[in-house]
**Q** 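Right, I'll just put the structure down here and ask away after.
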2 protein chains.
Amino acid sequence: MQIGEAARRAGLTVKTVRYYANIGMVTPRQNAVTGYRDYAEGDVAKLQFVGKARKFDFSVEECRELLGLYEDRNRPSREVKALTLKKIDEIDRRLAELQSLKDELSGLASSCDGDNRPDCPILNALSGGG
Amino acid sequence: MQIGEAARRAGLTVKTVRYYANIGMVTPRQNAVTGYRDYAEGDVAKLQFVGKARKFDFSVEECRELLGLYEDRNRPSREVKALTLKKIDEIDRRLAELQSLKDELSGLASSCDGDNRPDCPILNALSGGG
DNA sequence: CTTTACCTTCCCCTTGGGGGAAGGCTTACA
DNA sequence: TGTAAGCCTTCCCCCAAGGGGAAGGTAAAG
């Protein structure tokens, strides 16, 4: 099928699908007559796979790795689990970062009256030496 | 002072300080003899201000806005607080997103043995229709 | 005279595509 | 017959927020 239908079926944009072809992640055959990209069912499955993995915050490079494991019928599940745990770890770190950021900002916001007067503890904190 | 010392004092890299000058965020005078950027004390204060705001996850554009408020001695603190609350809101949304992502990934990871066998619930979930 | 340490501008690189131009193909409709 | 719509292609610039490094100018110090 042509790229438009493949994209529709995978729930991706044509741009994205073309991008995945360009970086060698999901490479369709080429129609010898038209020169158009020609997607098989298996390609659509891969596109869907990548689309989901991206939603799970896996980077394109990690998706490539997962796709390799997905295509290798003999790979140990250990490898996939390791990648997943690593990703969970990253998310944990980012969660902690954001939480402490939020705590600091919340502290600042609650100390500020937010009225019409020019005195603002938030700006004072940002400009103060610390 | 020259850009190197200004950067050091603000805790930023020279690249970053030069970038802020290029986008018109903190614009030093120019030394007429050498053509070098010439930073005053006030400029360093602004650089420190921006540096801190960036650490609080404010975008460069938001920093520009905060800097405008910082320089306006008559602005109401309301505006600063509104910007801060908006940022807290964004952080909250991102926290929720990451948390649900983590929950899903954790569920997948715990259902996977992670051994030498090829059967992997994680890959099954990524490739399954849903 | 040369090294070292500054500074300058300029250009390419990153992530993951989006937007749109310019051009080619086929099918449908007036 | 013309032409408009709807596909497809490649090509290039754009986003954030700078990082890396080249090429070149200048000043102080040995």
Side-chain angles (χ1 to χ4, degrees), chain A residues 1-40 43-44 46-67 87 90-91 94 97 101, chain B residues 1-40 43-44 46-67 87 90-91 94 97 101:
Chain A
M1 76 199 75
Q2 293 189 346
I3 196 172
E5 194 186 338
R8 224 169 294 127
R9 287 222 240 166
L12 302 173
T13 69
V14 168
K15 270 293 197 198
T16 298
V17 174
R18 200 173 281 133
Y19 174 68
Y20 290 162
N22 287 340
I23 65 172
M25 180 126 78
V26 179
T27 53
R29 261 163 295 159
Q30 196 171 14
N31 184 308
V33 178
T34 61
Y36 291 179
R37 292 179 180 80
D38 184 10
Y39 287 84
D43 294 325
V44 174
K46 288 187 207 172
L47 287 174
Q48 289 174 335
F49 179 93
V50 173
K52 277 194 204 170
R54 291 284 299 129
K55 282 189 191 157
F56 279 110
D57 235 28
F58 286 101
S59 73
V60 164
E61 278 320 300
E62 288 168 332
C63 286
R64 199 195 294 274
E65 200 172 339
L66 282 170
L67 202 52
K87 179 55 61 180
E90 281 172 29
I91 293 178
R94 184 67 184 146
E97 265 182 31
L101 212 54
Chain B
M1 78 200 73
Q2 293 190 346
I3 195 171
E5 194 186 338
R8 224 169 295 126
R9 287 222 240 165
L12 301 173
T13 69
V14 168
K15 271 292 198 195
T16 297
V17 174
R18 200 173 280 133
Y19 175 68
Y20 290 163
N22 286 339
I23 65 172
M25 180 126 78
V26 179
T27 53
R29 260 164 294 158
Q30 197 170 13
N31 184 308
V33 179
T34 61
Y36 291 179
R37 292 178 180 81
D38 183 11
Y39 287 83
D43 294 325
V44 174
K46 287 186 206 172
L47 287 174
Q48 288 174 335
F49 180 93
V50 173
K52 277 195 203 169
R54 290 283 301 128
K55 281 190 191 156
F56 278 112
D57 233 30
F58 285 100
S59 74
V60 164
E61 279 319 301
E62 287 166 333
C63 287
R64 199 194 293 274
E65 201 171 341
L66 283 170
L67 202 52
K87 180 55 59 179
E90 281 173 30
I91 293 179
R94 184 66 184 147
E97 256 180 44
L101 213 54

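Each chain gets a letter, A, B and so on, in the order its sequence line appears, and its residues count up from 1. Side chains are part of it too, since the values below use all heavy atoms of this structure and drop only hydrogens, waters and symmetry mates.
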**Q** Taking all heavy atoms of B:Asp57 and all of B:Glu62, pick out the closest pair and write down the distance.
**A** O-OE1, 4.2 Å
**Q** Any side-chain N or O of A:Ser59 under 4.0 Å from OP1/OP2 of C:dT15?
**A** no
**Q** If I take atom CG in residue B:Asp57 and atom C1' in nucleotide D:dA17, what distance separates them, rounded to the nearest angstrom?
**A** 13 Å
**Q** So do A:Asp38 and A:Gln2 actually touch side chain to side chain, heavy atoms under 4.5 Å?
**A** no
**Q** So among B:Arg64, B:Lys46, B:Arg37, which one has a side-chain contact (heavy atoms from CB on, under 4.5 Å) with B:Val26?
**A** B:Lys46
**Q** Rounded off to whole Å, could you give me the CZ-to-C1' distance for the A:Arg37 and C:dC25 pair?
**A** 16 Å
**Q** Name the nucleic acid region contacted by B:Arg54, choosing base, sugar-phosphate or nothing; use a 4.0 angstrom heavy-atom cut-off, strictly under.
**A** sugar-phosphate
**Q** Let me know the distance between CG of B:Asn22 and P of D:dG18, rounded to the nearest Å.
**A** 12 Å
**Q** Tell me whether the side-chain N/O atoms of B:Tyr19 come closer than 4.0 Å to OP1 or OP2 in D:dG19.
**A** no
**Q** CD of A:Gln2 versus C1' of C:dT26: gap in Å, rounded?
**A** 10 Å
**Q** Give the minimum heavy-atom separation between B:Tyr39 and B:Pro28, together with the two atoms involved.
**A** CZ-CG, 3.4 Å
**Q** Starting at CZ of A:Phe58 and ending at P of C:dG16, how long is that distance when rounded to a whole Å?
**A** 13 Å
**Q** Using atom CZ of B:Arg18 as one end and atom P of C:dT9 as the other, report the distance to the nearest whole Å.
**A** 7 Å
**Q** Indicate, yes or no, whether a donor-acceptor pair under 3.5 Å links the base of C:dG24 to the side chain of A:Tyr36.
**A** yes
**Q** Counting any heavy atom closer than 4.0 Å, what does B:Ile3 reach on the DNA or RNA strands: base, sugar-phosphate only, or nothing?
**A** sugar-phosphate
**Q** Would you mind classifying the nucleic acid contact of A:Thr34 as base, sugar-phosphate or nothing, using non-hydrogen atoms under 4.0 angstrom?
**A** nothing
**Q** Do B:Met1 and B:Val44 pass the side-chain contact (heavy atoms from CB on, under 4.5 Å) test, and can you show the C-alpha distance, the side-chain angles, and the key distance before you say yes or no?
**A** CA-CA 10 Å; B:Met1 78 200 73; B:Val44 174; 3.7 Å; yes
**Q** Quickly work out the A:Asp38 CG to D:dC8 P distance and round it to whole Å.
**A** 12 Å
**Q** Hey, does the side-chain of B:Lys15 have a donor or acceptor N/O within less than 3.5 Å of a partner on the base of D:dG20?
**A** yes
**Q** Once you round it to whole Å, what is the distance between P of D:dA16 and CD of B:Glu61?
**A** 7 Å
**Q** Quick check: on DNA chain D, is the nucleotide nearest A:Arg8 upstream (toward 5') of the one nearest B:Thr13, or the reverse? Name the residue that is more 5'.
**A** A:Arg8
